[in-house]
Number of protein chains: 2
Amino acid sequence: MKKVGLKEIAEYVGVSIALVSYVLNGQAEIKQVSKVTADQIKKAAKQLNYRPNQIAKSLKMLKTHTIGLVVADINYRFSTGITRAIEAEAKNANYTVLFGSSNENEETFAELVNVLINRQVDGLILVPAENTQEQIKMLQKAEIPFVLIDRNFPEIKTNHITLDNRKAAYDATIHLVKQGHKRIAFFNYKTTFNHLHDRNRGYQDALKDSNIVFKPHWLKEINSVNRQAEMQQSLNNMLNGDEPCDAAFFATDTLAISGLKYLNKQKIQVPQQVSVLSFDESEAFELFYSPVTHLRQPLQKMGQAAVSTLFELINHNKINKQISFQSDLVIGQSCRE
Amino acid sequence: MKKVGLKEIAEYVGVSIALVSYVLNGQAEIKQVSKVTADQIKKAAKQLNYRPNQIAKSLKMLKTHTIGLVVADINYRFSTGITRAIEAEAKNANYTVLFGSSNENEETFAELVNVLINRQVDGLILVPAENTQEQIKMLQKAEIPFVLIDRNFPEIKTNHITLDNRKAAYDATIHLVKQGHKRIAFFNYKTTFNHLHDRNRGYQDALKDSNIVFKPHWLKEINSVNRQAEMQQSLNNMLNGDEPCDAAFFATDTLAISGLKYLNKQKIQVPQQVSVLSFDESEAFELFYSPVTHLRQPLQKMGQAAVSTLFELINHNKINKQISFQSDLVIGQSCRE
DNA sequence: GATATCACTTTAAACGATTAAACCAAATAT
DNA sequence: ATATTTGGTTTAATCGTTTAAAGTGATATC
């Protein structure tokens, strides 16, 4: 079976390539192609099993109908959720999503972005890795349409879709306080990410507003490269000081899972000995013996917003949107009453 | 910032497009381009921030250096694992992966395959959805290089990478028997998938070889559209008959999670009241109060095998490989001793 | 009978790259 | 003095589309 292009159809029917193109693009009417020829062409196309070469089409049209998506790590629940949402939304508009995972690595991120640009994606949706500000600035200079999601750099003015991280952390902390907790530990990554700092802020603001004096050692900043070990140590410190904390609030699902693993190993009962609350979702949260109370991000809405913002950007050019979404606090049984 | 192509560089330096192409493709030596011009060109390319248009390149070369991957559902642990492995392997060879998820839907699968072909991927790695035999045959007729992974259709001779599902189920069942279980229920999807049937076979063969007479009602076939409800009913039947089963063996991670959720809700103790064993992996398995004994698939090896098989196919054409991998039984604490 | 209009159809340039082949001037060989 | 080689460079076709513009033959208009 040889490749069949417009040329083959044209030869088969005995007309010019142009006519075939017109007909197969639904321009038969406007170009006044005779019904007879049009039908012949359509029939031939089906018979020969014609598949338009999108590569050639893209080259001519200067549009690929493709958007590039770079997530931070395909193993995050956030990534799969947002990918699903974005793919579905893109498909509606007849766009394809080219997808890559930076694994939180700066170079991989840059590389992926470059690969995608070279493939002439019409725009990008990015979950930037740490320290990728230069890449982002480069995109702006090159006038490539893109929108950030989940994370943003406050020093760079970009279109972005984020969670209202401060509010989420604030509300969750208040929830813990209302449950009677007085000493709440917060586990976050040691990071330069603004969105994670916002979570710290929300947590601390809530304590303040509840007239609880924040003790610096309640805020556990964990190095991601050594997560499990540091988590163990932090949890130990938290539980065994002379004023042990009575609740652990985790800034991400990955941190929570690390933490829960260790609590399990140590046979520490949740919520009897310690209450647990976490950002994000996880299959494991539901299945934990005390389903974990968590902050669910509206991934679908966020994905939709990212895609529609990107489309605006692609079509009408210059816009400036910073959209922030609220999370839901999903109550489980991991916080003592 | 306007787009810069070979033309712009050529004009800038004052040479022909051909020279620029030669130099930037590392053909300066063999085409005897003078050092001076070559350096000028390289410098200009960098200065103007030239990005080769892969679309144009692909059109000319009839190669896109892209492989298409269609997984069954991006939310499966299998999918993310295999995607990671495939992406890493492809990247080594300077290939990009175009990725899509069929959500186990026949039409979506066909659509995705078509989109990928139209984008002229050099080859496909597919986790076929149910009843997609015709699509697969079409690919063969069209002589498009592809390899199936995870699942295959025995009636169609294809290249495929699978798990030795019969053996895996067999070994796991034997494990349960050795732990003293006499009445082992097996939960599988009601499906036409061969790879899942193999799991049934392995389970039954193991019972036979252990001189346990298999009772048909031990084999629970669950309709995926109504999973949670059917799972509840099946588990109830299994636990509450006059001869209740003492072990539940799940054919997939998704089934196990459904099952565990219900066991949790009913406060049925694992493994005291019932032992649990499952195919696949899950964050939740580790975190369950009795970490779930499970059959881990060698995703990385499988991904590598898929990519390298595909590359052989793309390069040296006709080959015929059916590779089957062994799984590891990861012992947890969900099976009573 | 000449011209304009209409209904269809073809021609050919372009998109941005690759590359065989042709070209040209200077150096070397005969 | 003429031919050949060498080093360096350009020309032009090509990949599979799209589409403005031009072409064609028949019919309608004055």
Side-chain angles (χ1 to χ4, degrees), chain A residues 1-42 44-45 48-66 115 117-122 142, chain B residues 2-42 44-45 48-66 117-122 142:
Chain A
M1 194 130 100
K2 292 287 77 69
K3 67 193 157 32
V4 1
L6 294 183
K7 186 154 143 244
E8 282 68 29
I9 300 180
E11 277 165 9
Y12 184 83
V13 178
V15 293
S16 72
I17 291 177
L19 263 195
V20 180
S21 173
Y22 289 141
V23 171
L24 298 182
N25 282 305
Q27 302 202 248
E29 302 281 278
I30 160 174
K31 293 288 171 177
Q32 321 193 96
V33 181
S34 77
K35 285 256 174 323
V36 186
T37 348
D39 287 349
Q40 277 179 302
I41 290 174
K42 283 184 204 151
L48 301 181
N49 188 27
Y50 169 68
R51 299 161 168 292
N53 182 328
Q54 295 295 345
I55 295 285
K57 190 167 189 157
S58 295
L59 178 58
K60 187 77 233 280
M61 305 272 96
L62 304 175
K63 280 258 164 204
T64 53
H65 266 244
T66 309
V115 166
I117 295 176
N118 292 348
R119 297 203 171 232
Q120 313 295 121
V121 294
D122 295 339
Chain B
K2 292 286 77 68
K3 64 189 161 33
V4 359
L6 293 183
K7 185 153 143 247
E8 282 68 29
I9 299 179
E11 276 165 10
Y12 184 83
V13 179
V15 294
S16 73
I17 291 177
L19 264 195
V20 180
S21 172
Y22 290 142
V23 170
L24 298 182
N25 282 305
Q27 301 201 251
E29 302 280 278
I30 158 174
K31 293 287 173 176
Q32 320 193 99
V33 182
S34 78
K35 286 253 176 320
V36 185
T37 348
D39 287 348
Q40 277 180 302
I41 290 174
K42 282 183 204 152
L48 302 181
N49 189 27
Y50 168 69
R51 298 162 169 291
N53 182 327
Q54 295 295 344
I55 295 285
K57 189 166 188 157
S58 294
L59 179 58
K60 185 77 232 278
M61 304 274 93
L62 305 173
K63 279 260 164 202
T64 54
H65 267 245
T66 309
I117 294 175
N118 292 349
R119 299 207 168 226
Q120 313 294 123
V121 295
D122 295 339

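Keep in mind that what you see is a predicted model, and the values were worked out from it rather than measured. So you know, we letter chains A, B, ... as the sequences are listed, proteins then strands, and number each from 1.
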Heteroatom pairs (N/O) under 3.5 angstrom, protein to nucleotides 4-6 of chain D:
none

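Considering only residues two or more places apart in sequence or on other chains, A:Asn25 meets the side-chain hydrogen bond (donor to acceptor under 3.5 Å, both in side chains) condition with A:Ser21. Listed by chain and number, the residues in a side chain to side chain contact (heavy atoms under 4.5 Å, CB included) with B:Tyr12 are B:Ala44, B:Gln47, B:Leu48 (sequence neighbours excluded). Residues satisfying the salt bridge (Lys or Arg N to Asp or Glu O under 4.0 Å) test with B:Glu29, not counting sequence neighbours, are B:Lys35. Under the side chain to side chain contact (heavy atoms under 4.5 Å, CB included) criterion, B:Thr64 pairs with A:Ile55, B:Ser58, B:Thr66, B:Gln120, B:Asp122, sequence neighbours left out. Taking B:Lys60 as the reference, nothing meets the side chain to side chain contact (heavy atoms under 4.5 Å, CB included) condition, with sequence neighbours excluded. For A:Ile117, the side chain to side chain contact (heavy atoms under 4.5 Å, CB included) partners are A:Val113, A:Leu124, A:Leu139, A:Ile144, B:Arg51, not counting sequence neighbours. Considering only residues two or more places apart in sequence or on other chains, A:Ser34 meets the side-chain hydrogen bond (donor to acceptor under 3.5 Å, both in side chains) condition with A:Thr37.
Remark: B:Ser34 is in phosphate contact with D:dT9, judged by side-chain N or O atoms under 4.0 Å from OP1 or OP2.
Nearest-nucleotide assignment on DNA chain D puts the 5′-proximal partner with B:Lys31, out of A:Arg51 and B:Lys31.
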Q. Is there a side chain to side chain contact (heavy atoms under 4.5 Å, CB included) between A:Ile41 and A:Val15 once you walk through the steps?
A. CA-CA 9 Å; A:Ile41 290 174; A:Val15 293; 4.1 Å; yes
(Q) Determine whether A:Leu24 and A:Leu6 satisfy the following criterion, side chain to side chain contact (heavy atoms under 4.5 Å, CB included), listing intermediate values before the conclusion. (A) CA-CA 9 Å; A:Leu24 298 182; A:Leu6 294 183; 4.0 Å; yes
Q) Can A:Val20 and A:Tyr50 be said to form a side chain to side chain contact (heavy atoms under 4.5 Å, CB included), step by step? A) CA-CA 11 Å; A:Val20 180; A:Tyr50 169 68; over 6 Å; no
Q | side chain to side chain contact (heavy atoms under 4.5 Å, CB included) between B:Arg119 and A:His65, intermediate numbers included | A | CA-CA 11 Å; B:Arg119 299 207 168 226; A:His65 266 244; 4.1 Å; yes
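Taking a heavy-atom distance under 4.0 Å as the criterion, the stretch of DNA chain C touched by chain B extends 5' to 3' from C:dG16 to C:dA20.
Within residues 54-62 of chain A, the residues having any heavy atom closer than 4.0 Å to DNA chain C are, in order of number, A:Leu59, A:Lys60, A:Leu62. Contact check of residues 9-22 of chain A against DNA chain D (heavy atom, cut-off under 4.0 Å) returns A:Ile17, A:Ala18, A:Ser21, A:Tyr22.
In this entry the distance linking CD1 of B:Ile30 with C1' of D:dG7 reads 15 Å, nearest Å. The NZ atom of A:Lys63 sits 21 Å away from the C1' atom of D:dG16 (whole-angstrom rounding).
Comparing the start and finish of the helix from C:dG1-D:dC30 to C:dT30-D:dA1, five pairs each, the helix axis swings through 80°, to the nearest 10 degrees.
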